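Accompanying notes for the structure given below.
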Amino acid sequence: MAKNRISLNTQNHVTAENLAAMGSFQLLSQISEQPLEKLSEQTLMIKGQGQIVIDMQNTQIERFNQQMHIIEIRSKGTSEDNLATVNLSQLVISYPLLRALPKAPLIVGKSLSIESKLTLVADPNGAGTGLPLSLWMANELDMATLDLVSCQLYEYLTNDCEVSPLSVEHNKNSDIIDNPGTFPNDVFAYLTNLPAKHRTQFMDEADKVVSHCEDLSHANSGLIWVKGNCKLLKDTTVGTTEDPVMLIVDKGSLTFADNTKIVGMVMMLTPLDSILAAQIHVNGAALIDGALIATESIAVTNQPLIIKYNADVISNFQQDPNNWRIARVPNSWRNF
C-alpha cells in the first residue's frame, strides 16, 4: 500500500510539473506575439490531467540608455486530484530591434562624397534641445568639395531651404558635427547593440530577407534585409509613416528610380574598415523620409537626393511591438 502511495505521489508530481512547464511555454509564446503587453492571469483546465494557472509581471527598465522590459513568467500546475502542485518561474527580456534612435538625417561612419546635390532636413533637437543636427560623421567634412545644403523642416516645406539654410557650400555650421571624439567606433553596434561582425544574428531577426528590391512597396514594413544590390522601381514608395521600414542593404548599392521614396531608415552596411564606399545611385526625384545611416563611407551619385529627418517615423518603428524581440535570461528557471 505504501509503495502504491509513493508511486501515485510521484506520478502526481510529474503531472503537475509537466502542466507547469506547458503553461510556462504557452505564456512565453503569447509574450513573443505581444512583447509590450501586460497579460492578465489565465486559468487553463487540461482534461484528465489537471489545472494550469499562468501570469506575468512586466517591469520597464532602462539600461545603457536602452529601453527594455524584464518579464517574470509564472506558471502553476496542479494535478487533477489536487494532491500535487508545482510552481515554475523564469525571466525573459523584451527589447527593441533598434537600440538607439538616429539623431540626424544622415550618419556616416567614415567619409562622404556627393556627385550632385544632397539636401538634408535636420533633426531639430539632434544636438540637444533646440539644437538642430543635419549630419553626424566620423571624418572631417570639406564643404568646399560638396554640393550640400541643410535646413530646418519649415524652410524645406516652404521651398526656402537654399534661401535660409543651416549650412551650405563653404558655410559649415553647428548642425554638422564631423570628426567628433564621441563618434562610435561601430555604427552598427551603436544602433542595434550588436557588433557589425555579428551582423548575421541581426539578419536572422529580419521580417524579410531578399536579394533584390523590385517587389518592395508601401505594403512592406519592419526589418528588411537586402543581400546585394537594391534597385527601386519608378513611382515606388516603401513603407508608411504608421508602418515604416528599416531597410538594410548588405554589401550592395541602392538605386532610386524617378519618383521613389523610402519611409523609414536605410542602412548601407559595408564590411568593417572597408576602403570602398557604399553607393547610392539617384536616377530621378528621390526622398528618404526618416534617416540614412552608412556604417563606413558613402557616395551619392547622379541626381539630387533629399533626406528628411522624421522623428515620428523612427519612433513608430522602434515602438511597434512587431519590431521587438524576446530573449530568455540564462539560469533564471526556478522549480518549486
Side-chain angles (χ1 to χ4, degrees), residues 100 102 104-120 134-148 172 176-181 183-204 206 208-214 216 223-232 238 245-257 260 262 264-284 286-288 290-307:
L106 179 57
I107 298 174
V108 180
K110 281 188 178 176
S111 61
L112 169 68
S113 65
I114 305 168
E115 189 172 277
S116 189
K117 182 180 290 295
L118 178 62
T119 300
L120 302 176
S134 303
L135 171 59
W136 189 40
M137 63 183 291
N139 292 1
E140 187 172 353
L141 183 70
D142 183 4
M143 290 285 288
T145 64
L146 303 175
D147 189 357
L148 183 152
K172 180 172 67 176
I176 294 177
I177 299 179
D178 54 340
N179 195 26
F183 195 87
N185 293 326
D186 186 338
V187 176
F188 186 81
Y190 169 77
L191 292 171
T192 68
N193 207 33
L194 269 177
K197 62 183 180 181
H198 298 314
R199 67 181 70 185
T200 56
Q201 294 182 31
F202 199 70
M203 183 180 69
D204 292 340
K208 194 178 183 72
V209 178
V210 298
S211 58
H212 61 82
C213 295
E214 283 83 351
L216 298 184
L223 177 59
I224 302 173
W225 193 286
V226 186
K227 299 171 74 173
N229 297 330
C230 176
K231 185 176 182 179
L232 300 175
V238 181
V245 297
M246 184 174 185
L247 183 69
I248 296 182
V249 181
D250 187 6
K251 301 177 191 173
S253 62
L254 172 62
T255 301
F256 288 90
T260 51
I262 297 174
M265 290 157 288
V266 177
M267 180 182 290
M268 303 300 294
L269 187 56
T270 48
L272 198 62
D273 296 325
S274 172
I275 62 172
L276 300 177
Q279 300 287 317
I280 293 184
H281 308 297
V282 185
N283 298 326
L287 169 68
I288 296 175
L292 170 64
I293 303 102
T295 59
E296 301 292 323
S297 297
I298 190 167
V300 182
T301 67
N302 296 347
Q303 298 185 39
L305 174 65
I306 299 171
I307 309 173

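Here, residue 1 is the first one in the sequence, and each next residue gets the next number. Everything numeric here is computed off the predicted structure, so don't read it as measured data.
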- [ ] Count the heavy atoms of every other residue, nucleotide or ligand shown that sit under 6.0 Å from CG of Asp142, and state whether that count exceeds 12.
- [x] yes
I'd like to check the side chain to side chain contact (heavy atoms under 4.5 Å, CB included) partners of [X]; sequence neighbours left out, ordered by chain and number.
X: Ala138; answer: Phe183
X: Met143; answer: Leu141, Leu148, Ser167, Lys172, Ile176
X: Ala104; answer: Ile107, Leu133, Trp136
X: Val210; answer: Lys208, Ile224, Val226

Task: Set of residues satisfying ring-ring contact (aromatic ring centres under 6.0 Å, His included) with respect to Phe256, sequence neighbours excluded - done: none
Testing the basics here: between [X] and [Y], what is the closest heavy-atom pair and its distance to 0.1 Å?
X: Pro105; Y: Leu120; answer: CG-CB, 4.3 Å
X: Met268; Y: Ile298; answer: CG-CD1, 4.0 Å
X: Cys213; Y: Leu232; answer: CB-CD2, 3.9 Å
X: Ala206; Y: Trp225; answer: CB-CB, 4.1 Å
X: Thr270; Y: Ala278; answer: CG2-CB, 3.9 Å

Atom pair [atom1]/[atom2] of [X] and [Y] - distance to nearest 0.5 Å:
X: Ser113; Y: Gln279; atom1: OG; atom2: CD; result: 7.0 Å
X: Ile288; Y: Ile280; atom1: CD1; atom2: CD1; result: 5.0 Å
X: Met265; Y: Leu223; atom1: CE; atom2: CG; result: 9.0 Å
X: Lys197; Y: Arg199; atom1: NZ; atom2: CZ; result: 12.5 Å
X: Phe188; Y: His198; atom1: CZ; atom2: NE2; result: 10.5 Å
X: Thr295; Y: Leu269; atom1: OG1; atom2: CG; result: 4.5 Å

State, yes or no, whether a side-chain contact exists between [X] and [Y] at a heavy-atom distance under 4.5 Å.
X: Val245; Y: Ile262; result: yes
X: Val282; Y: Pro304; result: no
X: Met267; Y: Met246; result: yes

Would you please name every residue forming a side chain to side chain donor-acceptor pair (under 3.5 Å) with [X], sequence neighbours left out?
X: Gln303; answer: none
X: Asn283; answer: Asn302
X: Ser116; answer: none
X: Lys117; answer: Asp147

Open item on the list: Applying salt bridge (charged side-chain N to carboxylate O under 4.0 Å, His left out) as the test, list every pair that has at least one member in residues 290-304; sequence neighbours left out.
Closed with: Lys110-Glu296
Open item on the list: Enumerate the salt bridge (charged side-chain N to carboxylate O under 4.0 Å, His left out) contacts for residues 183-193, please, sequence neighbours excluded, ordered by first and then second residue.
Closed with: none
TODO: Determine, step by step, whether Val108 and Leu135 satisfy the side chain to side chain contact (heavy atoms under 4.5 Å, CB included) criterion, reporting the C-alpha distance in whole Å, the side-chain angles of both residues, the deciding distance to 0.1 Å, and the verdict.
DONE: CA-CA 8 Å; Val108 180; Leu135 171 59; 4.1 Å; yes
Task: Asp178 side-chain N/O to Met137 backbone N/O, donor-acceptor pair under 3.5 Å - done: no
Open item on the list: Treating Ser297 as the side-chain partner and Ser111 as the backbone partner, does any N or O pair qualify as donor plus acceptor under 3.5 Å?
Closed with: yes
